[in-house]
2 protein chains.
Amino acid sequence: MSHASSLILTTSDATFERFRHQSPLNRAMRSADSRDIDTLPARSLVVIDLDLARTPPASQQASWRARGIAHRLIVASKNPSDDEGLIWLDLGAAGYCHALASDATLRQVLDVVISGELWVGRSLMNRLLKGVGSRTHQVNTARWAEQLTPREQEVARRVAEGESNLTISQALGITERTVKAHLTTIFEKIQMDDRLHLALKIHGIR
Amino acid sequence: MSHASSLILTTSDATFERFRHQSPLNRAMRSADSRDIDTLPARSLVVIDLDLARTPPASQQASWRARGIAHRLIVASKNPSDDEGLIWLDLGAAGYCHALASDATLRQVLDVVISGELWVGRSLMNRLLKGVGSRTHQVNTARWAEQLTPREQEVARRVAEGESNLTISQALGITERTVKAHLTTIFEKIQMDDRLHLALKIHGIR
DNA sequence: ATGGATACTGTACCTGGGTACTAGGAAGAG
DNA sequence: CTCTTCCTAGTACCCAGGTACAGTATCCAT
């Protein structure tokens, strides 16, 4: 299953070339007039460079919404923001990404959108999750774990849940002294000096 | 850039084979014990077959949340629902998909998650978009404060930020002893016995 | 004025958490 | 075979955090 046709809306030669070299787009048409979208067959793939069409004014939102339903819109912004992304997704865009993203990322966006799904970047996704009342953890803040050994991660995780050294030692079948040893090296590596700060860090607070 | 290691958590031979034949997973380990996750190096890729681990009970959510932070979790359900997906995304999963999805889709999920983004199916995504801006997350956030006097709230807040008793006393212009007194009554009222648990509660964790 | 809630403080004490110094066994790399 | 990392652990020690018990002072409502 594929798209019927495809169009790249941009005024920038460079942007056009970048997208056109992605295999699903190598026969894409190019235009600088957004009204050309309306001449395409249904379910076409449309890449919109936001240097051309900024956030649409209220008077045009209805027509953009119609385009979002009729086709598969990928919006690429050179200066992306969560707010901007939200607007476009709301208008029916199937993907919102950085115009200067890596080729691999662009390819991924295309694959996902062509297959009928929506592609949303991590930061915007976190924002969406917050919107439904869930607490979200910045996925990229997981750097704390990288410098720790598996055993240390296990101890750190349990500390962050509020377990005491004794409890942890029993759970892991080791001595309380060893738990303390792990913690000392954890504090050393993470640059913290007590379990409360460690817990806050692990939970993404400060 | 790749993942450190990978694990497929399932009791089903068929499910294991399906995922293992995706190239990023062809050297994946297999297990039926979710605790094995905790022995993996940071940022590992973990596929969880929900026939094995259903929606975790409240008592285990904290540990799943920690796993979600430490690794990249892909949750596959044979009977997926938006509600279930929401829960897992909230717990830090990076992907939630149908366990019987096409190979192409599975591949896509893996690609997206490995590249550090989140993958969410269309219906769940629409649900997320609808929820944006509608919910006020503050409702239950303030419940801990209701039973505390203004001064106690101030102390509790600072404790949750990681401040020491001495620091707090200096900031408030009172004795360290008084800070301790406030804390004792706070613990009494909130039913906690140390500052770490207080901090976790204030930040909405357990 | 009396009782209750709030805020503040002192002395004394105990304990869990964290450090310093040390060290042995297992496993993997070169 | 040596070097390193990881996991383990003992002894000894310090201290921030927390409790027990007791007390003073203000404000406010009954």
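Every heavy atom of this structure was used, including side-chain atoms; hydrogens, water molecules and symmetry mates were not. A, B, ... follow the sequence lines: proteins, then strands. Residue 1 opens every chain.
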Check this one for me: any side-chain N or O of [X] less than 4.0 Å away from OP1 or OP2 of [N]?
| X | N | result |
| --- | --- | --- |
| B/Asn165 | D/dA16 | no |
| A/Thr178 | D/dA9 | yes |
| A/Thr149 | D/dC7 | yes |

[X] [atom1] to [N] [atom2]: how many Å, rounded?
| X | N | atom1 | atom2 | value |
| --- | --- | --- | --- | --- |
| A/Glu176 | C/dG17 | CD | C1' | 9 Å |
| B/Gln170 | D/dA16 | CD | P | 12 Å |
| A/Arg151 | D/dT8 | CZ | P | 4 Å |
| B/Ile174 | C/dT6 | CD1 | C1' | 13 Å |
| A/Leu172 | D/dC7 | CG | P | 11 Å |
| B/Leu148 | C/dA5 | CG | C1' | 14 Å |
| A/Met192 | C/dG17 | CE | P | 19 Å |
| B/His197 | D/dG17 | NE2 | P | 16 Å |

>> Contact between B/Arg195 and B/Asn165 at the side-chain level, heavy atoms closer than 4.5 Å - yes or no?
In response: yes

Under 3.5 Å, which protein N or O atoms sit close to an N or O of nucleotides 21-28 of chain D? Give each pair with its distance.
unit_1: D/dC21; atom_1: N4; unit_2: B/Arg177; atom_2: NH2; d: 3.2

>> Measuring from the side chain of B/Thr175 (C-beta onward, heavy atoms only), which nucleotide among C/dG10, C/dA7, D/dC7 has the closest atom?
In response: C/dG10

> Do you know which two heavy atoms are closest between A/Ala199 and B/Leu196, and how far apart they sit?
Replying inline: CB-CD1, 3.6 Å

>> What residues from residues 180-191 of chain B pass a heavy-atom cutoff of under 4.0 Å to DNA chain D?
In response: B/Lys180, B/Leu183, B/Thr184, B/Phe187

>> Strictly by salt bridge (Lys or Arg N to Asp or Glu O under 4.0 Å), give each pair with a member in residues 181-190 of chain A just once, sequence neighbours left out.
In response: A/Glu152-A/Lys189

> Looking at B/Val113, B/Val112, B/Asp111, which one forms a side chain to side chain contact (heavy atoms under 4.5 Å, CB included) with B/Val109?
Replying inline: B/Val113

> Which of these, A/Leu45, A/Ile48, A/Val46, sits in a side chain to side chain contact (heavy atoms under 4.5 Å, CB included) with A/Ile74?
Replying inline: A/Leu45

>> Between the side chains of A/Lys180 and A/Glu176, is the shortest nitrogen-to-carboxylate-oxygen separation below 4.0 Å, so that they form an ion pair?
In response: no

> Can B/Glu17 and B/Arg20 be counted as an ion pair, charged N to O under 4.0 angstrom?
Replying inline: yes

>> Nearest 0.5 angstrom please: A/Thr185 OG1 to A/Arg151 CZ, how far?
In response: 12.5 Å

>> Within this structure, what is the CD-CG distance for the pair A/Glu154 and A/Leu148, rounded to the nearest 0.5 Å?
In response: 12.0 Å

> 5'-most contact on DNA chain C: A/Leu196 or B/Gly173, nearest heavy atom basis?
Replying inline: B/Gly173

